[in-house]
Amino acid sequence: HSVNFLHLDDAVDSILHLMHRSTKSAVYNVASPRHPTKRTFYCQMAKEIKMEPPQFIESDDSTGREISSAVFINETGYRFHHPNPLDYSF
């Protein structure tokens, strides 16, 4: 399954971005456009903070969903400062 994250900088900036524009939609989904897998993200973050990587259950059959910011990007022209959660720094 993929992660749906939004960096704090983009959360604040996307709100400010919308405040200064008239928009077509009343509601937008806003999440980082890149969606690494949970395994990739959490293992990389564990490595960066020098912790053991988490264990994952292989038989997880739940369905994951990716939140798309495509409408938000296309209608408002917003450009993410941090489009990829793998590039977040902690």
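Only a predicted model underlies this, so the values are computations on that prediction, with no experimental measurement involved.
- Under a hydrophobic-cluster definition in which Ile, Leu, Val, Met, Phe, Trp and Tyr are linked whenever side-chain heavy atoms come within less than 4.5 Å, directly or via other members, Leu8 and Ile15 are assigned to the same cluster.
- Note on residues 39-57: pairs passing salt bridge (charged side-chain N to carboxylate O under 4.0 Å, His left out), not counting sequence neighbours, are Arg39-Glu58.
- Under a hydrophobic clustering in which Ile, Leu, Val, Met, Phe, Trp and Tyr are joined whenever their side-chain heavy atoms come within less than 4.5 Å, directly or via other members, Leu6 and Leu16 fall into different clusters.
- Ring pair Phe72/His17 is perpendicular by interplanar angle, where above 60° counts as perpendicular and below 30° as parallel.
- Between Ser69 and Phe80 the shortest side-chain heavy-atom distance falls below 4.5 Å.
- By the rule that hydrophobic residues join a cluster once side-chain heavy atoms approach within less than 4.5 Å of another member, Met51 and Tyr42 end up as members of separate clusters.
- Looking at every heavy atom in both residues, Arg34 comes nearest to Pro85 through O-CD, 3.4 Å.
- Connection of Val71 to Ile67 is not established within any shared hydrophobic cluster, with ILVMFWY side chains joined at heavy-atom distances below 4.5 Å, either directly or through further cluster members.
- Here the side chains of Phe41 and Leu86 are in contact, with some heavy-atom distance below 4.5 Å.
- Between Ser32 and Tyr88, the side chains place a donor N or O and an acceptor N or O closer than 3.5 Å (distance only, hydrogens not considered).
- Taking both residues in full, the closest heavy atoms of Asn4 and Arg65 are given as ND2-O, 2.6 Å, listed atom of the first, atom of the second, then distance.
- His7 NE2 to Asp13 CG: the interatomic distance, rounded to the nearest 0.5 Å, is 12.0 Å.
- The distance from atom CZ of Arg21 to atom CE of Met19, rounded to the nearest 0.5 Å, is 12.0 Å.
- The closest side-chain heavy-atom distance from Pro36 to Val3 is below 4.5 Å.
- When Leu18, Asp10, Val30 are each tested for a side chain to side chain contact (heavy atoms under 4.5 Å, CB included) with Tyr78, only one passes: Asp10.
- In this structure the side chain of Met45 never reaches within 4.5 angstrom of the side chain of Ile49, judged on heavy atoms.
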